[in-house]
Amino acid sequence: MVVERNPELVELFEEFLGESYRNEVQELAQAYPERKSLYIEFDDVLSYDADLADDWLAQPRVIGGYAEEALRLYDLPVDVELGDVSVRLRGLPVSKSPRAVSKEDFESLVAVEGRVVEAGDVETVLSEGAFSCQRCGTLTRIPQPEQGGLEEPIECMGCEREGPFEVDQTSSEFREIQVGVVEDVPSVLDGGSPRRLEVVLDGDVAGELCVGDVVVVSGVVDSQQVDGKVFEFWLDGVAVEAADDEGVERWREEY
C-alpha cells in the first residue's frame with residue numbers, strides 16, 4: 001500500500017527540530033559522517049505534540065521517515081547533506097520484558113528490557129543490491145529484506161531475460177548490523193524459563209550489545225516465519241540504553 005506523503009508532518013518536524021534540537025543537529029552536522037544518528041527523547045516529543053508522540057509509537061517507520069525527511073531539509077550552517085542519517089526515538093515511558101512482547105505490538109515501537117545473552121560481531125550486509133545482467137549489462141536495483149537470504153531480480157529490466165545476474169558492489173548499498181539476543185532477567189521471574197528475543201541493530205548503534213549487560217532496547221517489533229505456520233517476533237532495534245534499578249522493580253511488580 002502506498003502511503004500518501006504528508007507535507008504538514010514534515011513542516012511540523014522542521015519546527016520541532018528548530019525549536020528543540022537546534023544544537024544537537026548542528027553538532028551532528030559537524031561530526032558527520034562519523035556520526036549518523038540523531039537521538040530524540042520521547043518526553044521532548046510528548047511535550048511538543050502529544051498526538052505526534054503517540055503516532056510515532058504506533059507507526060514508527062512512517063513517522064520516523066518524516067522526521068528524517070525534515071532533517072534532510074534542515075537549513076544547516078555548514079555545507080553538509082544529512083541524507084543517510086537516522087533519527088532514533090529513545091526514552092520511551094514504559095518498558096516490557098521479552099515475554100510480554102505479543103502480536104499486539106507488531107510494527108509498533110516498544111522498549112524491551114532484558115539481559116543480553118548473545119551479541120554477534122558487527123557485520124556488513126547488503127541493503128540494496130545493484131544486480132548487473134551478464135547478458136546486456138543493465139543494472140537492476142532490489143532492496144534486500146531485513147531478514148532472510150539474497151533477493152535477486154526476476155528478470156532484467158533491460159533485455160527482459162532471466163539473468164544471470166551478479167552483484168555490482170560499487171553500485172550497491174551496504175549497512176552494518178549486529179544481531180543479538182536479550183532474555184528475561186531471572187530475578188524478576190517466578191519460576192519457569194526466561195523468554196528470549198532476537199534484536200537486530202544497524203548503523204552506528206551496531207556493536208552496542210554486550211553479553212551480560214541489562215539493557216533497554218527501543219525498536220520496532222517484527223516477525224519471521226520459523227516453521228510452517230509458526231512465526232516468532234524479533235526487534236528491529238533503534239536505540240540501546242542501560243537499564244536502571246527502577247526498571248527491574250517495574251518487572252517485579254508486573255511478573
Side-chain angles (χ1 to χ4, degrees), residues 1-96 101 103-113 127-128 143 146 173 175 177 199-206 208 216-223 234-241:
M1 180 179 67
V2 176
V3 179
E4 185 176 351
R5 183 179 178 276
N6 187 337
E8 294 181 358
L9 274 179
V10 178
E11 293 177 6
L12 181 62
F13 270 116
E14 286 186 89
E15 294 172 359
F16 169 72
L17 292 175
E19 293 181 18
S20 305
Y21 279 81
R22 179 181 300 276
N23 292 337
E24 289 82 354
V25 172
Q26 292 179 357
E27 290 173 1
L28 174 63
Q30 293 171 355
Y32 181 86
E34 284 73 24
R35 281 177 51 196
K36 291 188 177 181
S37 291
L38 175 68
Y39 288 96
I40 302 293
E41 300 296 331
F42 179 83
D43 284 347
D44 293 337
V45 183
L46 185 65
S47 298
Y48 188 78
D49 190 313
D51 289 338
L52 182 62
D54 289 341
D55 288 344
W56 204 334
L57 295 180
Q59 304 176 71
R61 292 189 171 113
V62 173
I63 303 301
Y66 283 120
E68 290 171 356
E69 183 177 351
L71 185 58
R72 288 193 294 271
L73 297 173
Y74 194 90
D75 186 16
L76 295 168
V78 293
D79 186 19
V80 173
E81 293 185 3
L82 302 177
D84 57 348
V85 168
S86 299
V87 176
R88 302 178 183 274
L89 187 65
R90 67 182 179 186
L92 275 58
V94 178
S95 60
K96 57 177 61 183
V101 175
K103 63 181 184 300
E104 283 74 23
D105 299 312
F106 183 62
E107 293 189 340
S108 64
L109 183 64
V110 301
V112 176
E113 190 168 355
S127 58
E128 182 179 87
E146 295 280 347
E173 296 181 8
R175 64 190 178 107
I177 70 165
V199 176
V200 179
L201 302 178
D202 74 338
D204 51 9
V205 296
E208 293 191 5
V216 177
V217 183
S218 300
V220 182
V221 176
D222 213 326
S223 66
W234 62 280
L235 198 66
D236 185 4
V238 173
V240 179
E241 303 168 84

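Summarising the geometry of Tyr66 relative to Asn6, their closest heavy-atom pair is OH-N, 2.8 Å, with the distance given to 0.1 Å. Gly237 and Val217 get closest at one heavy-atom pair: CA-CG1, 4.2 Å. Summarising the geometry of Leu28 relative to Ser37, their closest heavy-atom pair is CD1-O, 3.6 Å, with the distance given to 0.1 Å. Closest approach of Leu89 to Ala239, counting heavy atoms only: O-CB, 4.4 Å.
With rounding to the nearest 0.5 angstrom, the CD atom of Gln59 is 11.0 Å from the CG atom of Asp54. Atom-to-atom distance recorded for Ser223:OG and Trp234:CH2 is 9.0 Å, nearest 0.5 angstrom. In this structure, the separation between CD on Glu113 and CD on Glu241 is 10.0 Å, given to the nearest 0.5 Å.
No side-chain donor-acceptor contact under 3.5 Å links Glu24 to the backbone of Leu38. Proximity of a side-chain donor or acceptor of Ser108 to a complementary backbone N or O of Asp105 within less than 3.5 Å is detected. Formation of a donor-acceptor pair under 3.5 Å by the Asp49 side chain with backbone atoms of Leu52 is found in this model. Put simply, the side chain of Glu173 never gets that close to the backbone of Ser127: no donor and acceptor are under 3.5 Å apart.
Salt-bridge annotation for Arg90 and Glu41: present, with a side-chain N of the basic residue lying under 4.0 Å from a carboxylate O of the acidic one. Salt-bridge annotation for Arg35 and Asp204: absent, with no side-chain N of the basic residue lying under 4.0 Å from a carboxylate O of the acidic one. Checked for salt-bridge contact, Arg88 and Asp202 meet the test: a charged N lies under 4.0 Å from a carboxylate O.
Tested against Leu109, the residues Val221, Leu235, Leu92 include a single side chain to side chain contact (heavy atoms under 4.5 Å, CB included) partner, Leu92.
Using a 4.5 Å heavy-atom threshold, the side chains of Leu71 and Glu69 count as separate. Contact of the Ser86 side chain with the Glu68 side chain is registered, since non-hydrogen atoms from C-beta on lie closer than 4.5 Å. Side chains of Val10 and Leu12 form no contact here, defined as non-hydrogen atoms less than 4.5 Å apart. Under the 4.5 Å side-chain criterion, counting only non-hydrogen atoms from C-beta, Val205 is in contact with Tyr39. Contact of the Arg22 side chain with the Leu17 side chain is not registered, since no non-hydrogen atoms from C-beta on lie closer than 4.5 Å.
Under the 30°/60° scheme for interplanar angles, the aromatic rings of Trp56 and Phe13 are found to stand perpendicular.
Under 3.5 Å, the side chains of Asp84 and Tyr32 contain a donor-acceptor pair of N or O atoms.
For Glu8, the CD atom is loosely surrounded, since the number of other residues' heavy atoms within 6.0 Å does not exceed 12.
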Q: Begin with the C-alpha distance, continue with both residues' side-chain angles, and end with the deciding distance and a verdict on side-chain contact (heavy atoms from CB on, under 4.5 Å) for Tyr74 and Leu82.
A: CA-CA 9 Å; Tyr74 194 90; Leu82 302 177; over 6 Å; no
**Q.** Residue pair Asp236, Arg61: steps toward the side-chain contact (heavy atoms from CB on, under 4.5 Å) verdict
**A.** CA-CA 11 Å; Asp236 185 4; Arg61 292 189 171 113; 3.1 Å; yes
Q. So Lys96 and Val94, side-chain contact (heavy atoms from CB on, under 4.5 Å) or not? Walk me through it.
A. CA-CA 7 Å; Lys96 57 177 61 183; Val94 178; 5.8 Å; no
Q) Yes or no on side-chain contact (heavy atoms from CB on, under 4.5 Å) for Leu9 and Ile63, after CA distance, side-chain angles and deciding distance? A) CA-CA 8 Å; Leu9 274 179; Ile63 303 301; 4.0 Å; yes
